[in-house]
Each structure stands twice: as C-alpha cells, then as structure tokens.
Q: 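For reference, the structure I am asking about is given below.
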Amino acid sequence: MVKLDIEGIYTYLKNREPLLFVDEVLVEPGKSSRMERTIPEDAWFFDCHFPGDPMMPGVLQLETMFQTSALAIKLLDGYKDKTTNVVKVTEAKFTGHIRPGDTIRVDTEINRFKRGIATIGGKISVGDTVCCEAEFVLAVLDDIPNVNKGT
Amino acid sequence: MTNLEKYRQAFITALNADENILDDLNYQDIKEWDSVGHMSLVAELEDAFDIEMETDDIIDFSSYKKGMEILRKYHVEL
C-alpha cells in the first residue's frame with residue numbers, strides 16, 4: 001500500500017480545486033485505492049445543491065470515485081504521466097445523501113486492467129450507509145493504438 | 001461453448017453489438033466499436049481464448065471477418 005498526501009496527489013493528478021475531491025489516498029497500484037475525507041461544511045456545491053437542503057451532487061460523488069481509482073493506475077510503473085479518461089459509466093446507484101461535515105469513505109477496485117482499459121467498481125459510504133455504488137471504465141488513451149481501417 | 005460462440009460473444013460483450021449484424025461488421029460501423037471499444041474487444045478475446053495478441057494484429061483487426069483470420073495465427077479455429 002502506498003499512502004499519498006495532497007502534495008503526492010498533485011504530482012499524479014491534473015485535477016485541481018475546486019474540482020479535486022481527494023486529499024489523502026491509500027493505493028495498491030493496479031488493484032485498489034481507498035480514501036476517507038470529511039466534506040467541508042462550506043464546500044462550494046452545498047450552497048447551490050440545494051439551498052436549504054444541502055447534499056453532495058451525485059456527479060461529484062462519481063468524480064470522487066474516478067479520481068480515487070485513477071491513482072491506482074497512475075502509480076503503476078510507467079503510468080505517472082499518462083492520461084486517464086472516463087469513457088463509460090456502466091452502472092451507478094445513489095442510495096444515500098452526503099451532507100455537510102460527513103466523513104465519506106471511498107473504496108475502488110480495479111476488476112480488470114488490460115490493453116489500457118480498466119474496468120472498475122467503487123462505492124462511497126458514510127458510516128455503515130452506502131451512498132453510491134458504481135461501475136465504470138477508465139481508459140489510458142496513450143496505450144490505445146490506431147486501427148488500420150479496411151485492411 | 002464453441003470457439004465461434006465465444007468469438008461472437010466477445011463482440012456482444014465488448015461492443016454491445018447486435019448478433020444479427022456481426023458477420024459484416026467493420027471497425028467504426030457502430031459507435032461502440034471505436035478505439036476504446038476495440039481494446040475492450042481485444043481484452044475479451046484474449047481472455048476468452050487465453051492468448052496475447054501482438055500489436056500489429058490488434059491494429060489490423062479491422063472487421064469481424066478479419067479478426068477470424070487473425071485468430072488463426074493464434075491457433076484459434078472458428
């Protein structure tokens with residue numbers, strides 16, 4: 001397991017605030033990554049999502065998973081400077097709300113990583129409550145060759 | 001499952017392709033068979049037949065029919 005703090009994350013991810021959602025991640029390169037983070041009560045999205053009923057938007061929960069899981073690829077030898085892109089969300093379920101001040105736990109696991117294509121499962125929990133589960137695909141575009149059409 | 005069934009299933013799984021169009025399917029005929037879908041297809045085939053394809057073959061794998069020809073190099077008879 002490799003523990004990355006925010007400075008380490010800056011060296012692997014291009015995301016920056018306010019669209020950076022990881023600050024300390026435990027990574028098993030090529031296999032899994034895990035993070036716990038308290039969502040600040042004054043996070044920018046709570047004011048607008050929704051006034052009087054603040055909750056973390058589902059799309060940002062997914063982004064949190066994408067960033068957490070990307071580190072498990074970027075820490076592989078030779079992948080630090082390669083770009084990972086989300087190319088498919090196969091399934092996503094939102095089963096609980098994430099409120100200001102909640103501490104979330106993000107678990108992601110790479111089910112298969114082959115030929116630049118990673119199929120990944122992840123979930124976000126608050127305490128014992130699972131708030132979000134998703135399956136998605138990250139692609140390392142640098143690893144994908146151009147196909148000879150029509151040959 | 002026969003090798004042919006495995007081969008067809010790889011297209012269905014990786015590209016969500018309609019089985020009825022497989023025989024004449026070419027790269028980029030459907031939106032799912034783009035460069036990313038292509039690598040998913042290759043990964044499915046490699047797992048299904050326990051092979052490791054060479055990069056040149058991955059690049060030349062431009063249709064359902066061409067793929068059958070390429071797999072013969074790996075002693076996969078369809």
Side-chain angles (χ1 to χ4, degrees), chain A residues 13-15 29-32 59 62-63 65-67 69-74 76-93 108-122 134-151, chain B residues 1 6-18 21-74 76 78:
Chain A
L13 294 184
K14 294 176 183 171
N15 309 69
K31 293 187 176 174
S32 64
V59 69
L62 291 176
E63 179 64 26
M65 275 194 223
F66 300 156
Q67 293 177 13
S69 63
L71 290 165
I73 295 171
K74 303 274 277 183
L76 289 168
D77 288 343
Y79 281 84
K80 180 169 178 281
D81 296 320
K82 293 184 177 180
T83 302
T84 56
N85 288 123
V86 182
V87 294
K88 186 193 285 187
V89 176
T90 314
E91 185 176 353
K93 287 189 289 190
T108 68
E109 189 166 337
I110 297 178
N111 298 321
R112 178 167 75 175
F113 180 47
K114 198 167 188 181
R115 301 290 186 191
I117 305 292
T119 53
I120 298 169
E135 291 180 10
F136 50 96
V137 178
L138 293 185
V140 181
L141 300 184
D142 314 66
D143 284 3
I144 297 177
N146 292 319
V147 176
N148 287 333
K149 284 181 70 177
T151 58
Chain B
M1 195 181 276
K6 286 184 194 175
Y7 183 67
R8 295 175 73 82
Q9 187 58 49
F11 281 76
I12 294 166
T13 302
L15 307 177
N16 198 27
D18 182 338
I21 65 166
L22 291 182
D23 292 346
D24 296 316
L25 193 63
N26 296 302
Y27 178 64
Q28 292 185 338
D29 272 356
I30 56 175
K31 67 179 188 323
E32 289 84 359
W33 198 355
D34 58 7
S35 58
V36 172
H38 189 68
M39 299 314 287
S40 297
L41 173 62
V42 169
E44 285 292 335
L45 291 168
E46 288 183 330
D47 285 352
F49 296 113
D50 195 22
I51 57 173
E52 188 89 10
M53 291 173 67
E54 294 172 14
T55 300
D56 285 349
D57 291 327
I58 293 170
I59 290 170
D60 288 339
F61 196 122
S62 58
S63 69
Y64 175 89
K65 284 179 180 154
K66 182 73 179 177
M68 298 175 91
E69 189 183 306
I70 287 170
L71 285 190
R72 281 192 205 105
K73 287 177 57 178
Y74 298 89
V76 176
L78 300 170

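A note on names: the letters A, B, ... follow the listed sequences, proteins ahead of strands, and every chain is numbered from 1.
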Q: Please classify the contact of B/E52 with chain A as side chain, backbone, both or neither, using a heavy-atom distance under 4.5 Å.
A: both
Q: Around B/D23, counting heavy atoms of other residues, nucleotides and ligands shown, do more than 12 lie under 6.0 Å from its CG?
A: yes
Q: Please state whether the side chain, the backbone, both or neither of B/V42 comes within less than 4.5 Å of a heavy atom of chain A.
A: side chain
Q: Can B/E44 and A/R112 be counted as an ion pair, charged N to O under 4.0 angstrom?
A: yes
Q: Is the count of non-hydrogen atoms from other residues, nucleotides or ligands lying under 6.0 Å from A/K82 atom NZ greater than 12?
A: yes
Q: Flag the one option from A/A139, A/P145, A/G116 with the top tally of heavy-atom pairs under 4.5 Å to chain B.
A: A/P145
Q: Mind listing the closest non-hydrogen atom pair of A/D143 and B/M39 along with its distance?
A: O-CE, 4.5 Å
Q: Enter the distance from A/R115:CZ to B/E46:CD here, rounded to the nearest 0.5 Å.
A: 4.0 Å
Q: If you count heavy atoms of other groups shown closer than 6.0 angstrom to NZ of A/K88, is the number above 12?
A: no
Q: Hey, what do you get for CD1 (A/I117) to CG (B/L41), rounding to the nearest 0.5 Å?
A: 11.0 Å
Q: Which heavy-atom pair separates A/L141 from B/V36 by the least distance, and what is that distance?
A: CD2-CG2, 4.2 Å
Q: So which atom in B/F61 and which in A/V147 form the shortest heavy-atom distance, rounded to 0.1 Å?
A: O-CG1, 3.9 Å
